[in-house]
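Computed from heavy atoms alone, side chains included, the values below leave out hydrogens, waters and symmetry copies. Ligands are counted one by one from 1 in listed order, and the atoms in each one are counted from 1 as well.
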Amino acid sequence: MTGGSFVEVRGLRVGYKVPHGVVQAIDGVDLTIDRGEALGIVGESGCGKSTLGLGLLRLLPSNATTSVDTFRVGDTDVAGLSQAAFRREVRWKRVSMVFQSAMNSLNPVRRVGEQVADAYRLHHPQASKREVQARVDRLFELVDIPRARQRNYAHEYSGGMRQRAVIALSLVCDPDVVIADEATTALDVVVQNQILDALADLRTELGIALIVISHDIGVISHTCDRVAVMYAGQVVESGAVADVLASPRHPYTASLMAALPRLTGPRFRPVSLPGSPPDLADPPTACRFAPRCPIAADICTDVPPAFDPDHRWPARCHFAGDERLRQLGTERTS
Ligand SMILES: Nc1ncnc2c1ncn2[C@@H]1O[C@H](COP(=O)(O)OP(=O)(O)OP(=O)(O)O)[C@@H](O)[C@H]1O
């Protein structure tokens with residue numbers, strides 16, 4: 001990773017206050033993304049993916065405490081901004097988000113075109129009627145919805161079209177960074193791929209830095225250049241998608257891959273990962289994955305593994321890239 005990346009996040013931490021202590025949902029995450037690049041965030045439920053996206057946009061509930069050493073977008077340091085300045089200058093304008101449930105993001109009793117126009121007017125109160133309509137037309141064109149459909153209500157759209165409309169809303173203010181959180185999870189695979197392709201086109205056409213959050217490694221491989229694999233609030237491996245998926249260096253990534261059914265090549269029985277992630281109010285002090293790890297040794301429960309986010313392909317494991325990882329998921333069925 002380069003020090004001159006377009007987006008740089010260093011030392012992000014988010015804790016939720018709960019009756020029995022603090023759930024440290026994000027514990028020192030570093031990310032860098034270039035313009036036009038897509039970074040995937042993958043991991044199983046509860047590893048902190050949504051907290052990461054919401055934390056970057058400062059949209060977390062009041063029991064959350066967030067801190068970050070560096071959050072820079074282009075030349076702007078957004079970490080030091082007050083809540084009011086962040087809302088005014090960053091949220092939706094520099095960094096926006098596409099959520100999973102399109103129906104929750106769209107107003108059922110207002111035409112979709114009007115909703116997009118409302119959102120634009122909110123941020124550009126001086127814009128003339130003609131400017132607003134030109135922007136709405138452009139946004140519908142970008143997400144490939146015919147102009148005539150601006151007059152429809154959300155319930156008259158298909159699921160895929162609704163999700164495109166939500167993407168159009170996220171682009172209203174011409175953001176530099178778009179975070180897509182499980183944006184296609186509710187859609188069938190064909191429509192899912194169309195939406196992922198649309199996002200991929202937009203990021204290259206508009207030079208957006210895209211963060212794709214998903215529990216589905218297939219979604220990440222379809223859309224992203226790089227991937228950060230999260231486990232228990234930390235990034236455990238990151239690198240080029242093709243490298244990481246072909247020969248994972250961390251046992252957690254290897255286990256995620258082994259749990260995937262394969263459609264081509266020799267047939268393997270998917271091997272699900274035993275156990276569950278640790279309690280984030282009291283995680284293991286050394287390697288957090290050790291209790292579930294098939295190759296763990298004494299050092300893993302004694303010494304926290306190092307992680308250098310500036311390495312080309314870092315893995316938070318004492319046995320990173322170990323030969324034994326290749327054996328995971330090799331239980332052939334035929
Ligand atoms: N408002 C909250 N109060 C307390 N704990 C929370 C809150 N929101 C999330 N958490 C906890 O923070 C951790 C991370 O949750 P998060 O929703 O970010 O994970 P995730 O990877 O997005 O999971 P999923 O895919 O199921 O949404 C979990 O242990 C979760 O229980």
Side-chain angles (χ1 to χ4, degrees), residues 9 11-31 38-68 71 83 95-105 163 166 170 177-187 192 195-196 210-224 226-238 244 250 252-253 255-257 259-260 272-273 275-285 287-292 316:
V9 177
L12 178 67
R13 291 170 57 82
V14 179
Y16 292 106
K17 206 179 250 175
V18 291
H20 63 289
V22 174
V23 170
Q24 198 63 50
I26 300 287
D27 198 6
V29 163
D30 304 285
L31 306 171
L39 172 72
I41 310 282
V42 73
E44 69 196 312
S45 185
C47 70
K49 305 182 297 296
S50 294
T51 301
L52 175 69
L54 294 170
L56 290 177
L57 267 180
R58 299 199 197 175
L59 284 173
L60 289 165
S62 59
N63 67 329
T65 307
T66 308
S67 67
V68 65
F71 183 9
Q83 195 65 14
V95 186
S96 78
M97 194 150 177
V98 180
F99 296 98
Q100 175 174 350
S101 173
M103 258 339 224
N104 291 345
S105 306
Q163 201 57 334
V166 174
S170 79
V177 187
V178 174
I179 305 171
D181 185 0
E182 301 284 5
T184 59
T185 301
L187 304 170
Q192 180 169 335
I195 300 289
L196 295 174
L210 182 63
I211 300 179
V212 178
I213 296 176
S214 180
H215 67 283
D216 182 345
I217 222 156
V219 164
I220 302 291
S221 70
H222 192 105
T223 348
C224 298
R226 285 189 301 119
V227 61
V229 181
M230 282 192 70
Y231 185 76
Q234 298 177 326
V235 174
V236 293
E237 175 166 7
S238 69
V244 172
H250 194 284
Y252 176 62
T253 319
S255 304
L256 277 184
M257 300 300 299
L260 278 182
S272 65
L273 185 56
S276 47
D279 175 4
L280 292 179
D282 185 23
T285 49
C287 173
R288 294 182 175 188
F289 187 58
R292 302 172 78 187
R316 196 184 291 271

> According to the interplanar angle, ranging from 0 to 90°, do the rings of Phe289 and Tyr252 count as parallel (below 30°), tilted (30 to 60°) or perpendicular (above 60°)?
Replying inline: perpendicular

> For Val14, does its backbone N or O pair with a side-chain atom of Gln24 as donor and acceptor, under 3.5 Å?
Replying inline: yes

> Short question: side chain of Lys49, backbone of Met230 - any donor-acceptor pair under 3.5 Å?
Replying inline: no

Indicate yes or no: does an N/O atom of [X] lie under 3.5 Å from an N/O atom of ligand 1?
X	value
Pro61	no
Gly48	yes
Ala25	no

>> Quick test of your reading of the structure: of Val42, Leu52, Thr51, whose heavy atom lies closest to atom 18 (O) of ligand 1?
In response: Thr51

> Which option, Glu182, Met230, Lys49, owns the non-hydrogen atom nearest atom 21 (O) of ligand 1?
Replying inline: Lys49

Gap separating the [atom1] atom of [X] from the [atom2] atom of [Y], nearest 0.5 angstrom:
X	Y	atom1	atom2	answer
Thr66	Leu57	OG1	CG	11.5 Å
Ser67	Leu12	OG	CG	7.5 Å
Ile41	His215	CD1	NE2	15.0 Å

Side-chain contact, heavy-atom cut-off 4.5 Å: [X] with [Y]?
X	Y	value
Leu280	Tyr16	no
Val219	Leu196	yes
Gln163	Val166	yes
Leu56	Met97	no

What protein heavy atom sits nearest [atom], and how far away is it?
atom	result
atom 3 (N) of ligand 1	Asn63 ND2, 3.1 Å
atom 24 (P) of ligand 1	Ser45 OG, 3.6 Å
atom 17 (O) of ligand 1	Ser50 CB, 4.0 Å
atom 14 (C) of ligand 1	Gly46 O, 3.5 Å
atom 9 (C) of ligand 1	Tyr16 CE1, 3.4 Å

> Just which atoms of ligand 1 are under 4.0 Å from any heavy atom in Glu44?
Replying inline: 21 (O)

> Which atoms from ligand 1 have a heavy atom of Val18 less than 4.0 Å away?
Replying inline: 4 (C)

> With backbone taken as N, CA, C and O and side chain as the heavy atoms from C-beta onward, which portion of His215 lies under 4.0 Å from ligand 1: side chain, backbone, both, or neither?
Replying inline: neither

> Does some non-hydrogen atom of the protein lie less than 4.0 angstrom from atom 30 (C) of ligand 1?
Replying inline: no

> Taking the non-hydrogen atoms of Gly43, is any one of them nearer than 4.0 angstrom to ligand 1?
Replying inline: no

